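Encoded as structure tokens, the structure appears first; notes follow it.
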Amino acid sequence: MSIRVTEQLHDMALGLDRRPLAEIALLLSQGQGAAAACVDAVAVQIAQASQSMARSISCGAKLHYVAAGSSGLMAAADAMELGGTFSIPPTQIRIHMAGGLPTGAEMPGGTEDETDQIRESLAGVGEDDTVIAVSASGSTPYTIEAAQIAKSVGASVIGIANNAGTELLTLSDHPILLTSPPEILSGSTRMGAGTAQKIALNMLSTLMAVELGHVHDGMMVNLTADNAKLEQRARSIVAQIAAVDEAAAATALKLAKGSVKPAILIASGMGNLSEAQAQLTASKGHLRPVLEKLKNQ
């Protein structure tokens, strides 16, 4: 049987331990860069998969992030950012990591071979849900079981793997093959493969947010301002899009009860919060058509 790409020895790995550390550092950096570059080849597949995620959120269903080991950490990091960045309700996000999310510096490895845990965790998965399953090898039992469960109930499966022709990709409605090269440190998929996974996951969630209307001119117009930094960012976003000063932006945010999109409309001249919310509902959350309509009145 051929050795998976993620387990192969890199061409530059021979004699690695005898090289100067600065030279090894450069090789490691170049390896990360090569892994990152491979994501370009699947931009179309990622864009299509993000639409499935947007549909799930739009209809009140859930996103299930499923993975083990370092892939699980990449998946969890993306999932945990969705609330603060795009105000995706936590009730619509589920993180399933083999062995559970670690609370210390130790992360169990054997749990990726277990399937009982994921069967219990996904017992309530529905046909409108989207499962984002990540596995560098493409054959992790925990992740494969999740994909099979999702398929059995008609849920959409996005499979992210770093080896071609693997079971996870075969099971997926949206297979995303990240052709990252062999690792400088053979088999250490927390490095290049993990970098490619993080980029793909970040692209998926950001494109989903664009589809949902949570991005306007590269700004996060649906963020949750729950600290001083984000409160300042919210004021800046309202001020920039509505072309008002920050004092007016702060007033609009207060009238909008902290919600950025309605605040932008209020600062742009819309009468009140109820009207702003009604217009956003009619535009399915997209700010631009409402602003254009307001400008033309």
Side-chain angles (χ1 to χ4, degrees), residues 42-66 75-95 125-134 150 155-158 160 173-174 176 198-226 230 233-234 236-238 240-242 253 256-268 270 273-294:
V42 287
V44 172
Q45 291 93 320
I46 291 172
Q48 292 170 343
S50 72
Q51 292 178 312
S52 174
M53 296 168 67
R55 284 193 294 271
S56 291
I57 294 300
S58 292
C59 73
K62 296 179 177 64
L63 303 180
H64 297 265
Y65 285 77
V66 184
D78 192 70
M80 294 171 77
E81 291 281 356
L82 296 183
T85 308
F86 302 121
S87 295
I88 305 298
T91 53
Q92 290 187 266
I93 305 165
R94 293 288 181 271
I95 301 170
V125 67
E127 62 181 356
D128 292 326
D129 292 351
T130 295
V131 173
I132 304 104
V134 191
S156 180
V157 178
I158 300 170
I160 302 175
D173 301 294
H174 299 284
I176 297 172
K198 176 171 172 50
I199 294 170
L201 286 161
N202 288 167
M203 288 170 66
L204 281 167
S205 54
T206 302
L207 290 167
M208 173 193 72
V210 172
E211 187 77 0
L212 291 170
H214 297 341
V215 176
H216 182 93
D217 285 342
M219 287 174 274
M220 298 178 289
V221 292
N222 211 51
L223 64 81
T224 298
D226 56 4
L230 292 180
R233 183 178 297 167
S236 296
I237 290 171
V238 174
Q240 185 166 343
I241 296 176
L253 276 164
K257 300 179 181 178
S259 186
V260 174
K261 282 193 272 190
I264 291 167
L265 295 177
I266 291 170
S268 299
M270 189 160 283
L273 178 57
S274 295
E275 184 182 356
Q277 291 172 329
Q279 290 291 331
L280 286 167
T281 298
S283 70
K284 297 182 179 179
H286 289 262
L287 188 60
R288 192 175 300 278
V290 186
L291 283 172
E292 290 176 352
K293 181 180 177 181
L294 189 60

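Keep in mind the model is a prediction, meaning the values are calculated, not measured.
Heavy atoms from other residues, nucleotides or ligands lying under 6.0 Å from CD of E127 number 12 at most.
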Please tabulate, for the side chains in residues 198-210, all donor-acceptor contacts under 3.5 angstrom to protein atoms that are two or more places apart in sequence or on a different chain.
residue: K198; atom: NZ; partner: N202; partner atom: OD1; Å: 3.2
residue: N202; atom: ND2; partner: D78; partner atom: OD1; Å: 3.0
residue: S205; atom: OG; partner: D78; partner atom: OD1; Å: 2.9
residue: S205; atom: OG; partner: D78; partner atom: OD2; Å: 3.2
residue: S205; atom: OG; partner: L201; partner atom: O; Å: 3.2
residue: S205; atom: OG; partner: N202; partner atom: O; Å: 3.2
residue: T206; atom: OG1; partner: N202; partner atom: O; Å: 2.7

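For the atom pair NE2 (H216) and CG (L291), the distance works out to 5.5 Å, reported to the nearest 0.5 Å. How far CZ of R55 is from CD1 of I57: 12.5 Å, rounded to the nearest 0.5 Å. Considering CE of M220 and NE2 of H214, their distance stands at 12.5 Å, rounded to 0.5 Å. Remark: I93 CD1 to I88 CD1 distance equals 6.5 Å, nearest 0.5 Å.
D173 and A155 get closest at one heavy-atom pair: OD2-O, 3.6 Å.
Residue pairs meeting the salt bridge (charged side-chain N to carboxylate O under 4.0 Å, His left out) criterion with at least one member in residues 199-209: none, sequence neighbours excluded. Sorted by first and then second residue, the pairs that involve residues 199-223 and meet salt bridge (charged side-chain N to carboxylate O under 4.0 Å, His left out), not counting sequence neighbours, are D217-R288. Screening residues 274-284 for salt bridge (charged side-chain N to carboxylate O under 4.0 Å, His left out) gives no qualifying pairs among residues at least two apart or on separate chains.
S87 and T224 are linked by a side-chain donor-acceptor pair at a separation below 3.5 angstrom, with hydrogens and angles left out of the test.
Between the side chain of K261 and the backbone N or O of G285 there is at least one donor-acceptor pair closer than 3.5 Å. Here the side chain of S56 pairs a donor or acceptor atom with the backbone of D128 at under 3.5 angstrom. With Q92 contributing its side chain and A61 its backbone, the two residues share a donor-acceptor pair below 3.5 Å. Counting only distance, with no hydrogens or angles, the side chain of N222 and the backbone of F86 share a donor-acceptor pair below 3.5 Å.
Under the side-chain hydrogen bond (donor to acceptor under 3.5 Å, both in side chains) criterion, S259 pairs with no residue at all, not counting sequence neighbours. Not counting sequence neighbours, S58 has no partner by the side-chain hydrogen bond (donor to acceptor under 3.5 Å, both in side chains) test.
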